[in-house]
Amino acid sequence: MSKKSYRQAVNEALRQEMERDPRVILMGEDVAGGTGAPGQQDAWGGPLGVTKGLYTQFGPDRILDTHLAEISFIGAAAGAAATGLRPVAELMFVDFMGVCFDQILNQAAKFRYMFGGKAVTPLVIRTMYGGGFRAASQHSQCLYSLFTHIPGLKVVVPSNAYEAKGLLIQSIRDDDPVIFFEHKVLYDEEMEVPDEPYTIPFGEANVTREGEDCTIVALGRMVGFANQAADNLAKQGITCTVVDPRTTSPLDLDTIIETTEETGRLVIVDESHPRCSMASDIASLVTERSFSKLKAAPRMVTAPHAPVPFSPALEDLYVPSPAKIEAAVRELVGQPTRVAAE
Amino acid sequence: MSKKSYRQAVNEALRQEMERDPRVILMGEDVAGGTGAPGQQDAWGGPLGVTKGLYTQFGPDRILDTHLAEISFIGAAAGAAATGLRPVAELMFVDFMGVCFDQILNQAAKFRYMFGGKAVTPLVIRTMYGGGFRAASQHSQCLYSLFTHIPGLKVVVPSNAYEAKGLLIQSIRDDDPVIFFEHKVLYDEEMEVPDEPYTIPFGEANVTREGEDCTIVALGRMVGFANQAADNLAKQGITCTVVDPRTTSPLDLDTIIETTEETGRLVIVDESHPRCSMASDIASLVTERSFSKLKAAPRMVTAPHAPVPFSPALEDLYVPSPAKIEAAVRELVGQPTRVAAE
Amino acid sequence: MSSALQLPRETLLAAYTRMRTIREFEDRVHDEFSAGNIPGFVHLYAGEEASGVGVCMHLTDRDAIASTHRGHGHCIAKGCDVDGMMKEIFGRKDGLCGGKGGSMHIADLSKGMLGANGIVGAGGPLACGAALTSKLLKTGGVSVCFYGDGASNQGAILESYNLAKIWNLPVLFVAEDNGYAESTASSWSVGGSQTGRATGFGLPSREVDGFDFFAVYETAGEMIDRARAGGGPSLMHVRLGRHYGHFEGDAMTYRAPDEIANLRQNHDPLKIFKQRVVEASLISPEEFDAVDKKVVDDIAMTMVNAKAAPMPTEADLLTDVYLRY
Amino acid sequence: MSSALQLPRETLLAAYTRMRTIREFEDRVHDEFSAGNIPGFVHLYAGEEASGVGVCMHLTDRDAIASTHRGHGHCIAKGCDVDGMMKEIFGRKDGLCGGKGGSMHIADLSKGMLGANGIVGAGGPLACGAALTSKLLKTGGVSVCFYGDGASNQGAILESYNLAKIWNLPVLFVAEDNGYAESTASSWSVGGSQTGRATGFGLPSREVDGFDFFAVYETAGEMIDRARAGGGPSLMHVRLGRHYGHFEGDAMTYRAPDEIANLRQNHDPLKIFKQRVVEASLISPEEFDAVDKKVVDDIAMTMVNAKAAPMPTEADLLTDVYLRY
Ligand SMILES: Cc1ncc(C[n+]2csc(CCOP(=O)(O)OP(=O)(O)O)c2C)c(N)n1
Ligand SMILES: Cc1ncc(C[n+]2csc(CCOP(=O)(O)OP(=O)(O)O)c2C)c(N)n1
Ligand SMILES: [Mg+2]
Ligand SMILES: [Mg+2]
């Protein structure tokens, strides 16, 4: 056990799995960095340094810098996965999915079904998502809802360093295609993380707070915000259960249902756009199963139906905040906040 | 007024708008057909003959066969729209979105916001969707939920020939990017359609049946199924209101809310996969606004979380049917169907 | 042609049998589709047999191929079970893909057949991936990417040229140019040339006569050998022609009036093969007739079996989405 | 170089002023970023000025350019308002995009600037689209697609070569090869060659020295003239170098130790321009100094204005998503 950042946790998961299984390889743009260049090799480790050092340890046969062309290298990862390797491909920002989505949507995700169960595609796509980095409309999206919609994919959204390590190791060992979402704003956040490898199973939510008045389900970076909100509310006498689903596909609906039925109230915090989102997904599924146990309609706290703005002044209003979560809970339990003091 | 198929209605909408506005052009793979070939020109009109005849009338400057490369021609349509043309681009099957999604997701949809309101992008992307054609996993998807998630796009899902003509004319006249979904199984369905041009506004749902026991919201081809189910149920004394939202973005939530509050019950019929779908979207939005007026939780009738199978024996079980809609309504109103006789 | 004489008799017979099997398979599927017995989109390979077979004669199960929507010929050439294929096309439970894939998704990974593909161009990256596996796991395998003239304009294919080049992957790109992408002529839609593009990306390339099995066989052999020896990717531009429409149901008004008759009469790869080999006195016309007859009988039986086979049931609908969920 | 002598003095001064403006703009943005005053991803064009300016000197507002993540230089070269740009980079309400776009999305459609772009390669199709508009509406306009060596491997760019070719669109593809895509060397990542690829797609092409304004200017001029006259697309491979990292914050350990010093000393397009023009006695050193001084003052003022400008507010958050919804 030692203090590790989310970045280090991801790096360590990759390293340990590569040590364990020689079929695990890593590929992506500048995941090593410096290929063909006159200076240092292993020069980047990705734009935010997450994979730095792996090239030095594992060399060019296992840490593969690619050309800047996602269709072909993401598709090659799918093809390699279907033929015996266990590739971890880095789609730098999930916003770039539009460039190579076919290889995920129609190839990797569907091999197994289309081929009558004969394909095994142990592919992991690691990708950065989320707002707060002042990276503007094309480098700040969440988009996990789009992947969650697609049968055949598993979707993982780790909320902190501990979760990231365990879930990434699980993703690499999993035999189905997995999209692994890393929140770029979390990379520097540190916490105690075991040094040895461990896995966190898919489809098992984590309850981070227990309370009686309201259940808050939050995803990724929003889990920390939900915890903050819950802690604040607790001081005001409102106690919340906070649930981190960890994976959106599969989704641990049972835990969400159970905790929601206990409190009778549900707030869902989803950093993405509201329409056809994880927020609406969870709200509808819970309502379908727990209607009679609900004291009020599930509330959805999401980003608005607008692209992510660049200006910090706007982005801070755009991304859901602990204050907004708090306000939603207070309203739900019947203690409306006065003027939202953002 | 005369009897027209859905195919003819789409063709007529295109023809009339091209006659009205010289900036409207059509582009896509084989939308004319025969380009460069030794035989007949205007040989195809798309794989299902929808645009046939337009080339003969408007010629090669306005009906443009493209190469088989969607990134570039869908992107070119976006670029042309931003600079003064009003292109209607055909993305043959919506399943191919994965190949060119970036030009929609990050370019056309975001120009206006990213550029601070200075871009106008009157682009229409026509595309075929849906099951029932025995076209298997890569030619049968719905995927409108993915587009509905994206701010900046408008999404149109016409349910019959009349709707198709009016909504397509509206789409072409609209100044925002529009994704227009044509259900391939509906092309041969005929009904009375006005000969003159007309528009159907976006965001205004159509109520196709009025009843007292349950509201059914259905999309695209599912509207016909919902009507059938409603008619059948009416014979058994259960009356339903059927709502066709016509557009999923914008969504006429008011009409859905209003009719749902009248009946107190809601069934949503969405041909797509269930997760992060239009079904979950509508269910969650209605619950949020009408919780206290609901007699039961909204029920979602969707395809399963699986790719679309090829075998007719499986596909018929896969796509939502009038019988399944009926069963859902009966259960909701408290008259469970015995063994579902599919 | 000298190469015809150099191949062992059994190889010649095997090649002919595969080509003949493809032809008969496709002709019968055509009949059944026309009779309304096969649903969906079906794209036939008849007329293009020399390409798939000329290439795949160099491959074994450790080698992989990525195919297209027009995949039946590649499947047969790569050794997929013909009975299982026909059942798949009829959507039967014991089809090669359990009836879930159909004509456009026939695959058999155990044979190195990575799948027909409904997405034009998608096979390029997949072939690179399989080649990466061969390279890193040192299996000695080579990957072949079959794709059409239309596909040759897709980003997926063009990017794959470069990826294969800079990663020095054992890939052979086979551009099967049948003159059309649906109804659009390749003479119009393909700027520059296939071989010129290959050169632009640093790939050796050659254009070959796709009606001539031996031309395909020879060039593919050289290129596959080079790839297997670590010499990297190359590209073969095969000119050929399809006997049927783009898909079944295509009226083909975009083709010249005499085009198909001419193809069938003067450019039939099977006829040309037979003629060459008979002229070289390597195999007698009677032996060919015997193959023909056997293939006809086999495919007839295949058809009977396929039609009699059971459909999948509700129990099959939701299996195979994941290994575990 | 003879062409230097052929250009009118005002043109030379205008070109230099634009290049100098870009350099000063980027150097100051670099300082401000380093001081923590600018958030987000910022990619600087310093060192590459001769390309953007050498091309855009041939263009007017009816012509369109598609730019990249490294877009400041293209924007200035195409005539975007420099004050508005700086405010945009600072996320201010009266930035060119209302603060919603930032460095990677500066656009001004009224100037034919189709936008910087955060998606590498995405400009190719957009440039084709703008060219289609010019062609069909007969505006006489030409489109230029600027993109990097990394982008030259993207499907979006490669497909665009073909679309421009077969539709005979007035497009100039300008491959700005600064040797790196992030930290990856173009000598490794680009199989074949830019000009060879162009040939493969049937496009005329030429490689030019991107440190030499006159070389860029001349070649671009020919290619733009050809496009304008209906002669179709071509490709210019410009070799150049960036003075800063891939983005601000890049430690650049992948570069050779003396690389940037050498670039700045021996391959600075501004120095080279000045030297040529002074040697030809067309413009005096004092005149250049005056330009330099004015630009420094102007950008300083721009910076003051940007920092003083108001931020957008909640009222701006949800506007501009649609025209009407
Ligand atoms: C990405 C994508 N775009 C369009 C299609 C529709 N489509 C299927 S086959 C085809 C033509 C293919 O032409 P070519 O590559 O020459 O192969 P051929 O059919 O001639 O064998 C088209 C346009 C598709 N399946 N996938
Ligand atoms: C589709 C896509 N993939 C990856 C990136 C991340 N990225 C931004 S710039 C860049 C390198 C671009 O290199 P090049 O095209 O040579 O342009 P340069 O930065 O050298 O000007 C990369 C990989 C991106 N923005 N878009
Ligand atoms: Mg073809
Ligand atoms: Mg570069």
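Note on naming: letters A, B, ... go to the chains in the order of the sequence lines (proteins, then strands), and numbering restarts at 1 for each one. Quick caveat: nothing in here was measured; it's all calculated off a predicted structure.
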_Residue part contacting chain C, namely of D:Gln154, when any heavy atom lies under 4.5 Å_ =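 Contact with chain C is through both the backbone and side chain of D:Gln154.
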_Quick check on D:Asn162 against chain C: is it the side chain, the backbone, both or neither that has a heavy atom closer than 4.5 Å?_
side chain
_Distance flag, aromatic centroids of D:His246 and D:Tyr180, threshold under 6.0 Å_ =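 Centroid distance D:Tyr180-D:His246: not below 6.0 Å, so no.
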*Answer with yes or no after comparing the ring centroid distance for D:Tyr217 and D:His58 against a 6.0 Å cut-off, counting only values under it.*
yes
_Side-chain (D:Asp149) to main-chain (D:Asn178) donor-acceptor, under 3.5 angstrom_ = yes
*Under 3.5 Å, is there a donor-acceptor pair between the side chain of D:Asp63 and the main chain of D:Thr60?*
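Judged by distance alone, yes, a pair lies under 3.5 Å.
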Mind ranking [options] by heavy-atom pairs under 4.5 Å with chain C and telling me who comes out on top?
options: D:Ala156, D:Ser189, D:Gly121; answer: D:Ser189
options: D:Gly202, D:Gly155, D:Gly191; answer: D:Gly191
options: D:Ser160, D:Gly192, D:Ala164; answer: D:Gly192

*Rounded to the nearest 0.5 Å, how far does CD1 of D:Ile260 lie from NE2 of D:His267?*
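With rounding to 0.5 Å, NE2 (D:His267) is 13.0 Å from CD1 (D:Ile260).
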